[in-house]
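These notes are about the structure you will find just below.
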Amino acid sequence: MEKYDFLFIQKKWQKYWEEHNFYRAEDFSDKPKYYILVMFPYPSGSGLHVGHCRNYIPADVIARYKRMKGFNVLHPIGYDAFGLPAENYAIQKGIPPKIVTQNNIKTFRRQLRMLGLSYDWSREINTSDPEYYKWTEWFFELLYKRGLAHENVSSEWWCPHCKTILANEQVIDGKCWRCGTPVVKKELKEWFFKITSYADKLLDDLNNIDWPERIKSMQRNWIGKSKGAEVNFVAVDPSGNEHNVPVFTTRVDTIFGVTFLVLAPEHPLVKKVTTRENIEKVEKYLEDAQRKREIDRLSTEKEKTGIFTGSYAINPLNGEKVPIYIGDYVVYSYGTGAVMGVPAHDLRDFVFAKKHSIPIKQVISPAGKETELNEAYTEDGILVNSGKFSGLKSAEAREKIVSYMEEKGIGNSIVRYHIRDWIISRQRYWGAPIPIVHCPVHGAVPVPEEDLPVLLPDEVDFTPRDSGESPLANDPDFVNTTCPVCGKPSERETDTQDGFACSSWYFLRYADPHNDKEPFSRDKVNYWLPVDLYIGGAEHAVMHLLYSRFYTHVLYDAGLIGFKEPFKKLLNQGMILGPDHQKMSKSKGNVINPDDVIKKYGTDTLRAYVLFIGPFDTDAAWSTEGINGVHRFINRFWNLFANLADSNKVLSFDSEKEISVVTDKWIRKITKQMESFKFNTMLSSFMEWLNYLVKISNENKDIIYTKAFRNSVETFVQMIAPAVPHVSEELWHMLGHSESVHLSKWPEPKGIHKEDKTDIIIEVNGKLRDKVKVAKGLSEEEVKEIAFASSKVEKFVEGKDIGRIIFVKDKLLNIVLKR
RNA sequence: GCCGAAGUGGCGGAACUGGCAGACGCGGCGGACUCAAAAUCCGCAGGGGUUCAGAGCCCCGUGAGGGUUCGAUUCCCUCCUUCGGCACCA
């Protein structure tokens, strides 16, 4: 018998598939389309790791399965090649990023091919290729033309290690998302994309996509919509001048309960309203607040400190005079930087009021009358002490009060968002240039479309700078140009685009990757998109996944595509942890390299193990013993099935029907598991199926020569082919087929009926007491008779009164005793 | 604090719509093969009790407590723990 030579087999079939152009996606075929996409890799120097496998292998299984089911499958791959690590590595080694990236891509390509992934390689893309980034630039201009890109001088987060400005989404816990260095504020001129004008659309359409709730809730959170009102309080400064102080509130129904006002320390009014006798204390407080912020911005200590300014403000609704405080629990960048204090109905205000002995005035009550308050009552209720609004319910009061304020010109309804515009400028070399020319006369002018792409110069010192200036600024050949409008000497924009700009549209390019006239043909994109299934890590929840949705919405509004949401269904794969249950990292020395695993066990074992390791969307630890078990499984079916290879003996036994029944059962079960992405239990099913086949062939050596057994084996091989494509292809041919198993049709159950017996569970008081094998379809009376004949049942029933009988046909009989 | 996910043997994890808890795999134990070991193959195995022993039989058991139900890992309530996210958001 032939030995299972996995390295030979995988090499042989990978070559065969490539030579015969398997897996090419056909534009506009008659078959139904299925677009399955994995988040494309960043080609780092360390190559592919097992984490990639957790995503790419299951995706490939689905792609192969869908092909067998008759779909026209698009399963593409490419490289998210612009970005800091390649550049940093390049700086370290003195090699241009372009070369570094090319080398890394070569490694990735080799490793991806080794995994036997069924990509359509003819559609491979690379975001750092001018043929690609030409269109990244083109989209920048599209956004610019649609009024969605603007330039602003502002103070934003800067990573001192990466030496670039970051978008808000890319600052995590006050640290750079890439390198973990604490960020600082830096004032620079930046380009912004107006994602804020899509906040509502991005929020609303979350309801129309099949994504994990976790990701949706993170996006909702990030967009952070809150409806409320802006109320104009009037502050009176020490010289008697009046100043307007708008405050933002979501609980305008509590407005009659305002007993103080708090300004953020940075609020410009602070200096104006502070009275002479308070000025010293206030200045000290501001200084302390400043220092505190720098020292521990992340402190969980939430003491409500504050200080009185000495001045008062008028509540425009009831004319009451309330003291103005300064407090650092008020954030200047959110809302108006000023808050009305309603201690009776807000937890923080309550604490603040207690601390500063400010009166607490109840205006909301659950029952509609004043009650004793020991803590803030933050629920909705019925208004009390609220003038003509008393007696209204909170929700109604909010509407009435807002209309009243609008009428009087003292306030209005307003919607606030947490999300801010997306800063696109990066002060780094290795990215897509921003296609803008700064003309002394015409200002920022987009580069004419026919002149795109603005090429990234090769010969340049790409070391990043602390100055906030891009390395490109030091290349006169790049910088100096003429204005596209007037021809006057002008300077190019030297910042490059955030790498996320490149990845915000790559899934569209796969539909038409070689188009040099436009980013994609509308027809092709409308044929292939939206993506039916997108698989990738959850870490991109509010970065890539939000930006891509934004681009897609913009393209829809621009009439370039016929759909608003890019990814119909999203799945997040779990992480693969080291054998020590820790995140894999070089420093911990617990990194598993796929190359080594393949050398030892072959690609099919790696694939099967990654599928078997645990539920697809949860983290799982790598186990050397675990992979051994899976390898053993593959060897076991190889050994059994290979027996049939050269034989054309055909025998016939009575037990054949049972084999067909079992085969049918597994077809149904495995298909279901495949459809619901339960790869771990799918592998278990194959193991059980094999255990059955082994068992019956141990009982009777000749059973393997029956038609039913051979059919079961062939069905097994076909169905496991998406998971372990090489060994199944080899066995399929050994079993006498000349066409690829991957071109065969996914097996359907033949509808062979199970034996007409079934196990019925007999319970007494809901406890299992006996199990009987009976003919199917027996009536309650018949089963009852059998049940009461059982000695096991009798023991529990004897001498007791029978209450009722629960009967589930062909399944269970429960005898309930009277108490 | 808020939002989300999850708690099942020694371990990873199964269980359809409320109906046999622990599939499958790992590790463990016993046996076969072998001079021996490895590999391979066959078998056992939730915990406890009863029993000389085995079969058998009984009790307990899905984070804790309560509820609904003939019957709950599954549904409801309260709580605890772990992980992930957001966080003075007014």
Side-chain angles (χ1 to χ4, degrees), chain A residues 172-173 212-222 224-226 228-229 247-252 254 262 264 298-305 327-331 333-342 345-349 351-352 416-418 538-539 541-542 572 575 581 608-609 612-615 617-630 632-633 635-636 639 668-669 672 676 678 680-691 694-695 698 759-771 792 795 803-808 811-817:
Chain A
I172 295 165
D173 282 346
E213 203 42 54
R214 181 166 61 125
I215 303 289
K216 290 207 228 177
S217 109
M218 279 167 78
Q219 291 208 352
R220 281 191 196 105
N221 233 317
W222 186 260
K225 182 176 183 172
S226 56
V247 299
F248 175 66
T249 177
T250 54
R251 288 299 302 275
V252 75
T254 66
V262 190
L298 297 169
S299 163
T300 48
E301 195 75 28
K302 272 157 205 164
E303 214 192 337
K304 299 286 173 287
T305 65
D328 70 352
Y329 78 96
V330 175
V331 183
S333 57
Y334 184 78
T336 60
V339 169
M340 62 185 212
V342 186
H345 307 292
D346 181 278
L347 298 169
R348 292 154 305 180
D349 295 346
V351 174
F352 193 85
R416 294 251 163 219
Y417 299 90
H418 169 267
E539 67 274 17
V542 290
N572 298 124
M575 263 192 312
H581 288 74
Y609 179 59
F612 187 63
I613 193 165
D617 54 1
T618 50
D619 294 352
W622 188 269
S623 145
T624 314
E625 290 79 18
I627 196 167
N628 270 328
V630 171
R632 210 171 290 158
F633 161 67
N635 267 296
R636 258 156 57 88
N639 289 339
R668 274 188 289 266
K669 187 155 182 190
K672 210 166 157 190
S676 47
K678 295 192 170 163
N680 55 330
T681 47
M682 181 176 87
L683 261 288
S684 300
S685 294
F686 280 114
M687 290 171 179
E688 283 182 80
W689 187 355
L690 176 65
N691 288 348
V694 167
K695 195 178 139 217
N698 280 341
D759 282 331
I760 289 193
I761 299 156
I762 313 291
E763 293 177 349
V764 178
N765 280 342
K767 291 199 175 184
L768 176 77
R769 295 305 175 189
D770 201 5
K771 222 184 322 186
K792 292 179 188 171
K795 222 165 43 179
R804 49 193 280 218
I805 305 272
I806 309 287
F807 178 67
V808 183
K811 236 180 186 172
L812 142 154
L813 184 92
N814 185 11
I815 303 162
V816 185
L817 301 175

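Note that the coordinates shown come from a computational prediction; the quantities given were computed from them, not determined experimentally.
For V808(A), the side chain to side chain contact (heavy atoms under 4.5 Å, CB included) partners are K811(A), L812(A), not counting sequence neighbours. Residues passing the ring-ring contact (aromatic ring centres under 6.0 Å, His included) test with F633(A), sequence neighbours excluded: F637(A). When the side chain to side chain contact (heavy atoms under 4.5 Å, CB included) test is applied to V342(A), the partners found at least two apart in sequence or on another chain are T254(A), V258(A), M340(A), H345(A), D349(A). For K672(A), the side-chain hydrogen bond (donor to acceptor under 3.5 Å, both in side chains) criterion is met by no residue, not counting sequence neighbours. Residues meeting the side chain to side chain contact (heavy atoms under 4.5 Å, CB included) test with T250(A), sequence neighbours left out: S226(A), F248(A). Among residues two or more places apart in sequence or in another chain, the side-chain hydrogen bond (donor to acceptor under 3.5 Å, both in side chains) test is passed with N691(A) by R636(A). Contacts of E763(A) classified as side-chain hydrogen bond (donor to acceptor under 3.5 Å, both in side chains), with partners at least two apart in sequence or in another chain: none. Every residue two or more places apart in sequence or in another chain that forms a side chain to side chain contact (heavy atoms under 4.5 Å, CB included) with A608(A) is listed here: V630(A), I634(A), L683(A), V724(A).
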N/O contacts under 3.5 Å, protein versus nucleotides 27-32 of chain B?
none

What N/O pairs connect the protein and nucleotides 56-58 of chain B at under 3.5 Å? Give each pair on its own line.
{"unit_1": "rC57(B)", "atom_1": "O3'", "unit_2": "K795(A)", "atom_2": "NZ", "d": "3.1"}

Query - Contact state string [nucleotides 13-21 of chain B, B base, S sugar-phosphate only, - no protein heavy atom under 4.0 Å] - result: SS-S--BB-
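Taking only side-chain atoms of M687(A), from C-beta outward, the nucleotide of rA90(B), rG85(B), rG25(B) with the closest atom is rG25(B).
Separating the CG atom of D346(A) from the P atom of rC88(B) is a distance of 14 Å, rounded to the nearest angstrom.
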Requested in this report: Dot-bracket notation for RNA chain B is requested: 5' to 3', Watson-Crick or G-U wobble pairs only, both distances under 3.5 Å, with ( ), [ ], | and . as defined.
Outcome: (((((((..(((......[....))).(((((.......))))).(((((.....)))))..(((((..]....))))))))))))....
